[in-house]
Amino acid sequence: MPFNTVLTRKLGIRVPVVQGGMQWVGYAELASAVSNAGGLGLLTALTQPTPEDLRKEIRRCRTMTKYPFGVNLTLLPSLVPPDYAAYAQVIIDEGIKIVETAGNNPGPVIQQLKKAGIIILHKCTTIRHAKSAVKLGVDFLSIDGFECAGHVGEHDITNFILLSRARQELGVPFIASGGFADGQGLAAALALGAEGINMGTRFMSTVEAPIHHNIKQAIVDAQETDTALVMRRWTNTTRLFKNKVTEEALKVERESKTDDFSVMAPHVSGKRGREVFINGDKDFGVWTAGQVIGLIHDIPTCAVLLERIEKEALEAVSRTRSLYNDVPASKL
Ligand code: NAD
């Protein structure tokens with residue numbers, strides 16, 4: 001086992017890679033495949049229409065892997081506000097040991113989960129929010145740079161700054177999220193002080209991701225310039241794959257005279273985005289993708305991907321070492 005980080009030890013995983021929560025992607029097929037490959041797979045709670053459906057999905061996932069997996073619970077503005085406490089209760093009742101939380105006002109849910117002894121990995125896009133989460137007693141932070149897919153926050157700080165700020169300030173173990181697709185990225189994150197990485201978009205383009213092949217191919221064909229930021233006007237800036245619907249949404253955002261979210265809702269609705277993954281038409285609705293889209297060139301299985309990442313990370317470390325002259329063994 002080449003990796004020995006706080007994350008691998010505490011979660012009981014072999015490779016320090018977490019598959020981040022992804023709406024309409026984080027089903028049992030993907031979470032179990034990532035866990036079977038040695039990383040930490042996560043079910044995305046709100047992808048299940050009700051807490052009872054989440055219970056069934058957790059049970060289904062258990063039949064697909066004997067390794068640990070977790071659940072993502074995201075607390076962000078929603079067209080139909082979910083009953084977060086009820087989702088959290090199912091997570092507790094089903095004996096899940098690791099939860100990735102994200103979003104606004106996470107205090108009550110984190111408290112509820114912590115009381116049940118669950119390990120909390122909280123996602124943040126600023127050091128200020130990370131410090132508030134530390135006060136809530138989270139076990140790990142997932143530091144999410146501006147490169148990331150989906151909810152990028154409102155401060156636009158990229159990971160080169162954010163990760164070093166996390167190392168300087170937090171005093172709680174953290175993983176790096178946003179912009180990661182390969183072992184070189186993992187080695188860089190470890191060098192900056194992280195205990196592992198989170199990947200979302202990279203896992204969408206794997207054999208096991210339960211989405212239409214056309215979307216995986218669209219990711220392979222895309223470049224790092226093919227994302228767009230929408231909803232800044234509503235303080236909910238979100239990085240999406242650039243397509244016809246994001247262009248429409250951006251036009252509405254620029255030109256509409258009202259701040260009422262109802263002008264935006266038909267364009268960014270998750271229902272429409274979900275259809276994209278089912279029918280394979282990349283222009284049918286909005287869907288999230290990170291700038292890392294430019295680094296993804298194939299559709300491997302999760303096992304092949306994580307083995308490759310492990311190998312690349314070791315090669316990157318050995319390359320870096322070879323760049324230092326005559327370092328005495330005592331200094332390594
Ligand atoms: P949805 O159809 O409820 O909403 C569509 C988009 O509009 C989302 O980005 C949402 O945050 C935003 N939105 C809704 N009401 C808003 C308001 N009043 N002001 C500003 N923005 C508003 O979204 P969905 O696709 O059904 O997803 C349900 C929830 O899961 C949303 O909160 C969404 O942001 C979140 N989500 C989670 C993940 C994850 O990684 N777990 C990924 C993407 C989205």
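Predicted model, so just to flag it, every value in this text is computed and none were measured. In each ligand, atom 1 is the first atom listed, and ligand 1 is the first ligand listed.
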Undergrad: Report yes if some heavy atom in the side chain of N104 is under 4.5 Å from a heavy atom in the side chain of L75; otherwise report no.
TA: no
Undergrad: Nearest non-hydrogen contact with atom 8 (C) of ligand 1 belongs to which option: E100, R272, M231?
TA: M231
Undergrad: If a pair satisfies side-chain hydrogen bond (donor to acceptor under 3.5 Å, both in side chains) and one of its residues is in residues 285-298, list it, with sequence neighbours excluded.
TA: R202-D298, D298-R308
Undergrad: With backbone taken as N, CA, C and O and side chain as the heavy atoms from C-beta onward, which portion of V268 lies under 4.0 Å from ligand 1: side chain, backbone, both, or neither?
TA: both
Undergrad: Check each of S78, P81, G200 against atom 29 (C) of ligand 1 and report the one with the nearest heavy atom.
TA: S78
Undergrad: How would you list, by chain and number, every residue that makes a salt bridge (charged side-chain N to carboxylate O under 4.0 Å, His left out) with E147, sequence neighbours excluded?
TA: none
Undergrad: Specify the protein heavy atom at minimum distance from atom 24 (P) of ligand 1: its residue, its atom name, and the distance to 0.1 Å.
TA: G270 CA, 3.8 Å
Undergrad: One residue to check: L46. Relative to ligand 1, which of side chain, backbone, both or neither has a non-hydrogen atom less than 4.0 Å away?
TA: side chain
Undergrad: Side chain, backbone, both or neither: which part of H151 comes within less than 4.0 Å of ligand 1 when only heavy atoms are counted?
TA: side chain
Undergrad: List the closest protein heavy-atom neighbour of atom 22 (C) of ligand 1: residue, atom name, distance to the nearest 0.1 Å.
TA: F261 CZ, 3.2 Å
Undergrad: Applying a heavy-atom cut-off of 4.0 Å, say which part of M264 lies close to ligand 1: side chain, backbone, both or neither.
TA: neither
Undergrad: Answer with side chain, backbone, both or neither: which part of N72 has a heavy atom less than 4.0 angstrom from an atom of ligand 1?
TA: side chain
Undergrad: Check whether more than 12 heavy atoms from other residues, nucleotides or ligands sit under 6.0 Å from atom CZ of R167, and answer yes or no.
TA: yes
Undergrad: Less than 6.0 Å separating the ring centroids of F261 and W234?
TA: yes
Undergrad: Should G150 be listed as contacting ligand 1, given a heavy-atom distance under 4.0 Å as the test?
TA: no
